[in-house]
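Heads up: the structure comes next, in structure tokens.
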Number of protein chains: 2
Amino acid sequence: MKNSQLYKGSLNTIIMKLLEENGKMYGYEITQKVKAITQGELNITEGALYPALHKMEAEGILDVEMEKVDNRMRKYYKLTEAGTKETINRLSELEDFIRNMQSLVSPKPNLEF
Amino acid sequence: MKNSQLYKGSLNTIIMKLLEENGKMYGYEITQKVKAITQGELNITEGALYPALHKMEAEGILDVEMEKVDNRMRKYYKLTEAGTKETINRLSELEDFIRNMQSLVSPKPNLEF
DNA sequence: CAAATATACATAAGATTCTTATACATAACT
DNA sequence: AGTTATGTATAAGAATCTTATGTATATTTG
């Protein structure tokens, strides 16, 4: 994804959130969207992306729909019903994660005194 | 660490930040501190912690100091000079990471219109 | 007082996730 | 004609973590 190890473990959540927002997307589109949103800071590699998509499909999180555009094949992915539910959990976990990390790096002043 | 995959890759940053803040700490103390700060949400396992500490020591990020307390051994870790510099980078990366993740999950409204 | 829990460190096997490299194919640009 | 962009795919290896186990002392609890 980039040099920072921190993104490890966040790819599925990112994909699910983008699909929740955009209905359906294809792999290459996801990489470009993420690059655009993060202003080039986060580049998802194909070696990480495609296995992740395949796994989520196998798990019943995603559905696939093939489409031929400009003589090139596209595989559109969208969330299944179970995937939509799981996305809610993932986003909630992400909020907790961010909150916990912020607590760790910028501890609140002790309000008891 | 917990059930959420999101913490994967953040352990070293957490350790470094705690050591920057507290001067020196030993392994068990780190696990308890993290548990307290996150109100029990994040539990660092020994299987993750000790190899991480040993690796950072080997990389010159941490220094070790043994101490015997109550007839039990403690290994205190503290940041080396190089470790202190690296901590600044890591914390900066963490800020970027959190900012990017927030952009991805809660995209800002387009201000061009 | 015996058993369980807390304190304290350590490692090994396996799972998961990612990087790096490679592969194939078409379209567009230079 | 060659490079870049678009588009998907996989395989080998690295890195990080989980789970399980091991050792040892101190404290609490039934």
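Chain identifiers are assigned alphabetically (A, B, ...) following the order of the sequence lines, protein sequences preceding nucleic acid strands; residue numbering begins at 1 within each chain.
Residue B/T13 holds its OG1 atom at 4.5 Å from CG of A/L6, rounded to the nearest 0.5 Å. Within the model, atoms NZ of B/K17 and CD1 of B/I37 stand 9.5 Å from one another, a figure rounded to the nearest 0.5 Å. Taking CE of B/M25 as the reference point, atom CG of B/L79 lies at 11.5 Å (rounded to 0.5 Å).
With a cut-off of 3.5 Å on both pairing distances, the Watson-Crick and G-U wobble pairs of DNA chain C assemble into stems of 3 or more at C:1-30 with D:1-30.
Across the protein-nucleic acid pair, B/K8 atom NZ and C/dA15 atom P stand 13 Å apart, rounded to whole Å. Between the CD1 atom of B/I15 and the P atom of C/dC9 there is a distance of 12 Å, given to the nearest Å. Rounding to whole angstrom units, CZ of residue B/F97 and P of C/dC18 are separated by 11 Å. One interatomic measurement links the two molecules: CD1 of B/I44 to P of C/dT7, which rounds to 16 Å at whole-angstrom precision. Rounded to whole Å, the distance from CE on B/M25 to P on C/dT7 is 14 Å. Atom CG of B/L53 is separated from atom C1' of C/dC9 by 10 Å (rounded to the nearest Å). Here C/dA8 presents its P atom at 13 Å from NZ of B/K35, a figure rounded to the nearest Å. Residue A/I14 contributes atom CD1, which lies 13 Å from atom C1' of C/dC18 at whole-angstrom precision.
Within the structure, ring pair (Phe, Tyr, Trp, His ring centres under 6.0 Å) contacts touching residues 33-63 of chain A (residues at least two apart or in different chains) do not occur. For residues 26-35 of chain A, the set of pairs meeting the side-chain hydrogen bond (donor to acceptor under 3.5 Å, both in side chains) definition, not counting sequence neighbours, comprises A/Y26-A/R74.
Near DNA chain C, meaning a heavy atom under 4.0 Å away, the residues from residues 55-67 of chain A are A/K55.
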Per-nt protein contacts along nucleotides 4-13 of chain D (heavy atom under 4.0 Å; B base, S backbone sugar-phosphate only, - none) come out as -SBSBBB---
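In this structure, A/N71 does not reach the C/dA25 phosphate: none of its side-chain N or O atoms is under 4.0 Å from OP1 or OP2. Side-chain nitrogen and oxygen atoms of B/Q5 include at least one within less than 4.0 Å of the OP1 or OP2 phosphate oxygen of C/dT17.
Using a 4.0 Å cut-off between charged side-chain N and carboxylate O, A/E67 and A/K24 make a salt bridge.
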Only pairs under 3.5 Å count here: list side-chain donor-acceptor contacts from residues 56-64 of chain B, not counting sequence neighbours, and write none if there are none.
none

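Transitive grouping of hydrophobic side chains (ILVMFWY, heavy atoms separated by less than 4.5 Å) keeps A/Y76 and A/V34 in distinct clusters.
Counting all heavy atoms, side chain and backbone alike, A/R90 lies closest to A/N12 at NH1-CB, 3.8 Å. When every heavy atom of A/E21 is checked against every heavy atom of B/L104, the shortest pair comes out as OE1-O, 4.3 Å. The two residues A/N100 and B/Y7 come nearest to each other via the heavy atoms ND2-OH, 2.9 Å.
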